[in-house]
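Read the structure below first, then the notes.
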Amino acid sequence: MLRLLLPKQRLSRVRHYTAPINGHPMGIANSSLLLRTVASAQTDSRLSSLGLADTELRKMNMCQAINDALRIAMQTNDKAVVFGEDVAFGGVFRCSTGLSQEFGRERVFNTPLTEQGIVGFAVGMASRGHTAVAEIQFADYIYPAFDQLVNEAAKFRYRSGNEFNVGGLTVRAPAMAVGHGGHYHSQSPEAFFAHVPGLKVVVPRSPTEAKGLLLAAIRDPNPTVFLEPKILYRAAVEHVPTADYTLPLSQAQVLKQGSDVTVVGYGSQIYALENAIQLVERDTQASCELIDLRTIHPLDADTVVKSVNKTGRLVVAHEASRTMGVAAELASVVQERCFLRLESPVERVCGLDVPHPLVFERFYMPCAVRVYEAIKRSLAY
Amino acid sequence: MASVFRLLRTLQSNNGLLCKASSQPAFSRLPQQMGRHHGSAPLTRYRCAYTRAVPLASAAFSTSSHPMRKKVMFPGSLNSEYTHELSFASSVESIPTYQVMDTDGKVLDPANEPQVSEEEAKTMYRNMLTLNAMDQILYESQRQGRISFYMTSFGEEALIGSAAALDPKDLVFGQYREAGVLLQRGFTIEQFMNQCYSNEKDLGKGRQMPVHYGTKELHFQTISSPLATQIPQAAGAAYAMRREGSKLCTICYFGEGAASEGDFHAGLNMAATLGCPVIFYCRNNGYAISTPSIEQYRGDGIASRGIGYGIDTIRVDGNDIWAIYAATKAARTIAVEQNKPVLIEAMTYRVSHHSTSDDSSAYRSKKEVEDWSKRDNPISRMRAWLENKGWWVKGEDAEITKSAKAKVLEAFAAAEQLKKPAIRHMFEDVYSELTPELVREKEEIEALIKKYPDYYQVNDYAKS
Ligand SMILES: Cc1ncc(C[n+]2csc(CCOP(=O)(O)OP(=O)(O)O)c2C)c(N)n1
Ligand SMILES: [Mg+2]
């Protein structure tokens, strides 16, 4: 009835930062970095090196790939448990769908609504050698657990002289922008945790990556914060190996070789970088190297340094606000280790220094336009 | 031991002195009994740093009937007595639920007949209908992709009764499902629409998601998504009001799910120990997204926790607008007259999906929801009461709903036509002044916009 009362109008929920630039298609859906065909998965060097080239593949979005990783983690380790707010029915993003039916409510359970409780509980389980995979419903709501992560999980091993550790702890949280999340459903808190010795911080860019990195994080003997760019849950689809596999932590990946400028990012930001590079290479003679950091901390500085020593230029991008962010750390490492090789100042393309603003998100974002401009500035310096 | 008491007493009299020295008129100079120390004469002091909210009573034991029992002397115990029986305390009887009228709108105890004028009652009812109509339209408009998000109050419309019982200057801290409070306060349909549409007339300047309302004029703090953060804030604001001597209080709404957060416990304890005139109002609607209350807590609801913190507590039928009204009125009197917090737990049922991002059929049956809304609907209960009073004519509803919908649609269409707030609002209000960083970033973005006007679709935004 109401449908009739409301005249149809243009949808207001356009993902503006993936709108075409000068007619060039943008965004995840068109990315050539994703294993969108069986052939691309079968020839992927990353998967071949793991001996996965000829194994069974299944089409999965990132949500399904994470679900698959959680299932494998539980199947292969009886001490693994998965819990958090609304996790039992599948979670608000459906990442834990089917797990409580398969493994029972003792291993897959809802918790009361308390993030400090969830992470503290997970620390306690991990301190007994169990594998606790805790979900924080949105990364924006991780701060009540800040104390448990920063003061407890991060220091558990060190403060006890390695009498105790919480290596079995993994905290998963959906993070970053979705186009309509505003202040509290869009944040990128990785720098807070990367600043803390003792925690690992991982951000995957795709379903295949998410599965392998999450399994690695769960099995890594250190507490890990695993931030999932929630826009990729449905938008990124790949042919993912169904086998049990891990991808290495603290190893950046060179996604595209290039000789004139190194472009670094992680998570969903990779797709904006890909688009910017396409535009630069269309409009200029330059060739760009693209690196996905994958693990934010401990950082694989060597891969970035090696690349910058080749190209002489660096552009770093992330959605989190610029000031005191991850890009600042990378810029500083690179000026320390590549000083004489640098041809131009390191460019940072980041979220603006404002709270993530709902209706201004398209200006806030380090979108392909801004990256494109930064790369050109770097090249023209 | 005696020295501990001496120390305590010195601290207390210092507190008293501090208060006396203060020029603030706020500290009501009522003598107060300190029941903390067995054996010592009751201490009289000025109400200052804290007040005891709950009478110190242990009805189960009395010294006279158990001559062997002695009261415990530790400073942290409250009138506890020694026992020689090894037993663990567990739940006591469930706290009763205060009700004024039954589901047919009949007042069950004539002494409880609501003391309101016909006009007041009708305004409340009209607001219930308007809230319902607005929710239907905005819910539907989200489904059409015209606004990005929405949360409805279906089944919880009786919350309006709490707003009606307050002074309009009492300060509100909400969670997000309190649009009814705003309606009752006089927030206009246009203001609701402008916020949900993030347009240039949105008081929040388009920065937050829909339903994150806030208005200084109506003393309603802006909604913040992180749960329970408003609870200790409400205690602090109430303490400030007490210092101002304003005879006003704070009301703080939250869900039974949010009550699991650490901030809930922190806030209640702060309010109790510091004597804050705040009404904590828990909307216990049975669910926190998919999590039923049985998985949220094992005690006697949220109410039992109030007692644990030494806070006067009442549980009410949250679908009975008059029970809510009466309880909030009484709570307000306690808060303002005695400078202490009160907890109200209103039992209701979330007929709505959690939000437009949620499909509740994934975790509860449609039948459960239908049964609930049929069995006990706060709107039809209020209508029945009005009809019993002869203040309402059958069929009048349809008229009101129709005109409310027309009003909402009109405001909606107008809101939709307006531009988004000017881009400069993205940079302002981060700090009281733009920082050098922000000035630089603003210039950078302005230059980009000039270069890529189509990409940035700047025509959607107001000019300045
Ligand atoms: C700190 C924090 N954690 C998680 C969330 C996500 N979240 C939003 S609403 C909600 C459920 C709240 O339930 P309840 O307090 O009972 O209120 P109701 O929705 O029933 O009115 C959750 C988990 C949040 N907003 N903030
Ligand atoms: Mg609830």
Side-chain angles (χ1 to χ4, degrees), chain A residues 1-3 5-14 16-17 19-22 26 85-92 94 109-117 137-138 140-141 143-144 179-185 322-323 352-360 362-364 367-370 373, chain B residues 136-137 140-141 144-149 197-198 202 205-209 212 224-228 255 257-263 288-291 295-297 357-358 362-363 405 409 412-413 416 420-421 423 425-427 430 435 437-438 441 444-445 448-449 451-452 454-457 461:
Chain A
M1 192 264 293
L2 286 166
R3 268 173 213 285
L5 289 172
L6 292 165
K8 272 262 175 285
Q9 272 220 352
R10 175 175 62 82
L11 294 193
S12 62
R13 265 192 304 165
V14 182
H16 295 282
Y17 48 92
I21 300 170
N22 301 342
M26 295 281 124
E85 293 156 16
D86 302 295
V87 158
F89 95 109
V92 294
R94 319 300 293 144
F109 50 93
N110 285 343
T111 65
L113 213 171
T114 164
E115 292 74 18
Q116 66 187 94
Q137 200 162 82
F138 284 88
D140 313 62
Y141 304 137
Y143 308 114
H180 49 89
H183 297 347
Y184 300 113
H185 297 84
R322 174 179 132 116
T323 301
L352 303 179
D353 284 307
V354 306
H356 200 103
L358 180 80
V359 91
F360 306 113
R362 62 179 100 161
F363 308 103
Y364 171 93
C367 59
V369 162
R370 285 178 61 204
E373 290 289 320
Chain B
Q136 286 182 38
I137 291 176
E140 187 59 38
S141 71
Q144 292 187 9
R146 305 165 71 143
I147 59 174
S148 60
F149 177 81
Y197 230 87
S198 312
D202 167 19
K205 301 177 185 167
R207 293 170 186 151
Q208 285 216 76
M209 283 171 72
H212 290 62
S224 158
S225 319
L227 289 167
S260 292
E261 291 282 2
D263 273 356
I289 308 187
S290 77
T291 306
E295 292 177 38
Q296 199 64 246
Y297 55 76
S357 311
D358 175 47
Y363 51 82
K405 280 190 176 160
L409 283 168
F412 189 91
E416 205 167 33
K420 307 289 176 216
I423 294 161
H425 290 302
M426 174 169 51
F427 298 98
V430 183
T435 60
E437 271 150 20
L438 286 170
E441 287 180 4
E444 182 198 325
I445 295 298
L448 270 177
I449 287 171
K451 202 160 172 187
Y452 298 93
D454 291 347
Y455 175 79
Y456 281 116
Q457 304 182 13
Y461 295 80

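Below, each value reflects all heavy atoms present in this structure, side chains not excepted, and no hydrogens, waters or symmetry copies. In this text, all values refer to a predicted model and were calculated from it rather than measured experimentally. So you know, we letter chains A, B, ... as the sequences are listed, proteins then strands, and number each from 1.
- Two residues are said to be in side-chain contact when any heavy atoms from C-beta on lie closer than 4.5 Å; B:Ser225 and A:Asp140 fail this criterion.
- The closest donor-acceptor contact from the side chain of A:Asp86 to the backbone of B:Ser290 lies under 3.5 Å.
- One N or O on the side chain of B:Gln296 and one on the backbone of A:Leu113 form a donor-acceptor pair closer than 3.5 Å.
- Put simply, CG on A:Asn110 and CD on B:Glu295 are 4.5 Å apart, with the number rounded to the nearest 0.5 Å.
- Panel note: side chain A:Asp353, backbone B:Glu437; no donor-acceptor pair is recorded below 3.5 Å.
- Between B:Ser224 and A:Tyr184, some side-chain heavy-atom pair lies under the 4.5 Å cut-off.
- Nearest heavy atoms, B:Ser260 versus A:Thr114: O-CB, 3.3 Å.
- With a threshold of 4.5 angstrom between heavy atoms, B:Leu438 approaches chain A through side-chain atoms but not through N, CA, C or O.
- When heavy atoms are compared at a cutoff of 4.5 Å, A:Val87 does not approach chain B at all.
- When side chains are defined from C-beta on, A:Leu358 counts as touching B:Met209, because their heavy atoms get closer than 4.5 Å.
- Using a 4.5 Å cut-off between heavy atoms, B:Ile445 contacts chain A through its side chain alone, with no backbone atom that close.
- A heavy-atom distance below 4.5 Å is found between the side chains of B:Phe427 and A:Leu352.
- Under the 4.0 Å criterion applied to side-chain N and carboxylate O atoms, B:Glu444 and A:Arg370 are assigned as salt-bridge partners.
- A side-chain donor-acceptor contact under 3.5 Å links B:Tyr452 and A:Glu373.
- Taking 4.5 Å as the limit, some side-chain heavy atom of A:Phe360 sits within range of a side-chain heavy atom of B:His425.
- Of the two parts of B:Ala259, neither the backbone nor the side chain holds a non-hydrogen atom closer than 4.5 Å to a non-hydrogen atom of chain A.
- A distance of 10.5 Å separates OG of B:Ser148 from NE2 of A:His185, quoted to the nearest 0.5 Å.
- Each of A:His356, A:Arg322, A:Glu85, A:Gln137 has some count of heavy-atom pairs under 4.5 Å with chain B, and the biggest count is that of A:Arg322.
- Residue with the most contacts toward chain B among A:Val92, A:Thr111, A:Thr323: A:Thr323 (heavy-atom pairs, distance under 4.5 Å).
- The aromatic rings of A:Phe363 and B:Tyr461 sit perpendicular, their planes meeting at an angle over 60°, well past the 30° parallel limit.
- One finds the CD1 atom of B:Ile289 at 7.5 Å from the CZ atom of A:Phe89 (value rounded to the nearest 0.5 Å).
- Formation of a donor-acceptor pair under 3.5 Å by the A:Arg362 side chain with backbone atoms of B:Tyr456 is found in this model.
- Proximity to chain A is limited to the backbone of B:Lys205, based on heavy atoms less than 4.5 angstrom apart.
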